[in-house]
Undergrad: 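The following block contains the structure, expressed as structure tokens.
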Amino acid sequence: MFTSAIEAWQGSILALILTGMGSGRHARRQDIIAAGGSVIAQGRGYKRVWGMPGAAAQAGICSAGLPLNQIAPNWSGCFQEIARDAVGL
């Protein structure tokens, strides 16, 4: 999935890691960073099993680790920044 996104949008990617068991494929998330994209993981909060978001955070590839209720406001801020960059503001 991440490889297809990189091919389609080059570096203009924001990956959200919200939940999941295990470590997932954090090498693919690192590919997003290498392409110029960003990764945001759901913060640990009260979850007993942190799985994929925790693996991304521990790998040091997240631009943020946020509580679920703060992801959307930060996400929209990322898109506003991308749009400003695209038009040269």
Side-chain angles (χ1 to χ4, degrees):
M1 175 173 65
F2 290 144
T3 301
S4 297
I6 292 167
E7 290 171 2
W9 293 291
Q10 291 79 42
S12 299
I13 301 167
L14 174 61
L16 302 174
I17 312 299
L18 300 177
T19 189
M21 295 288 292
S23 62
R25 297 189 180 268
H26 89 250
R28 296 292 181 231
R29 295 186 290 252
Q30 290 173 331
D31 291 346
I32 287 175
I33 301 301
S38 298
V39 176
I40 294 176
Q42 181 178 357
R44 184 174 189 122
Y46 294 102
K47 295 176 71 161
R48 296 180 104 192
V49 178
W50 198 25
M52 286 185 211
Q58 291 169 353
I61 60 172
C62 296
S63 57
L66 301 169
L68 188 58
N69 67 347
Q70 291 180 18
I71 290 175
N74 281 277
W75 186 14
S76 66
C78 289
F79 284 114
Q80 290 171 1
E81 191 173 311
I82 290 168
R84 282 193 298 269
D85 290 346
V87 296
L89 296 178

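Start at 1 with the first residue, then count along the sequence. The basis for the numbers below is simple: all heavy atoms, side chains too, and nothing from hydrogens, waters or symmetry mates.
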Undergrad: Within the 4.5 Å heavy-atom criterion, are Ile32 and Ser38 side-chain neighbours or not?
TA: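 No, their side chains stay 4.5 Å or more apart.
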Undergrad: Atom CG of Leu18 and atom CG of Leu68: how far apart are they, to the nearest 0.5 Å?
TA: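 Between atom CG of Leu18 and atom CG of Leu68 there are 6.5 Å.
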Undergrad: Please report the interatomic distance CG(Leu14) to CD1(Ile40), rounded to the nearest 0.5 Å.
TA: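 So the gap between those two atoms works out to 4.5 Å.
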Undergrad: Quick one: closest heavy-atom pair of Ile33 and Ile61, and the distance?
TA: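 Distance-wise, the nearest heavy atoms are CD1-O, 3.3 Å.
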Undergrad: How far apart are the closest heavy atoms of Pro53 and Ala41, and which atoms are they?
TA: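 Minimum heavy-atom contact is O-CB, 3.8 Å.
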Undergrad: Measure across Ile71 and Gln42 and return the closest heavy-atom pair with its distance rounded to 0.1 Å.
TA: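 Looking at all heavy atoms of both residues, the closest pair is CD1-CA, 4.1 Å.
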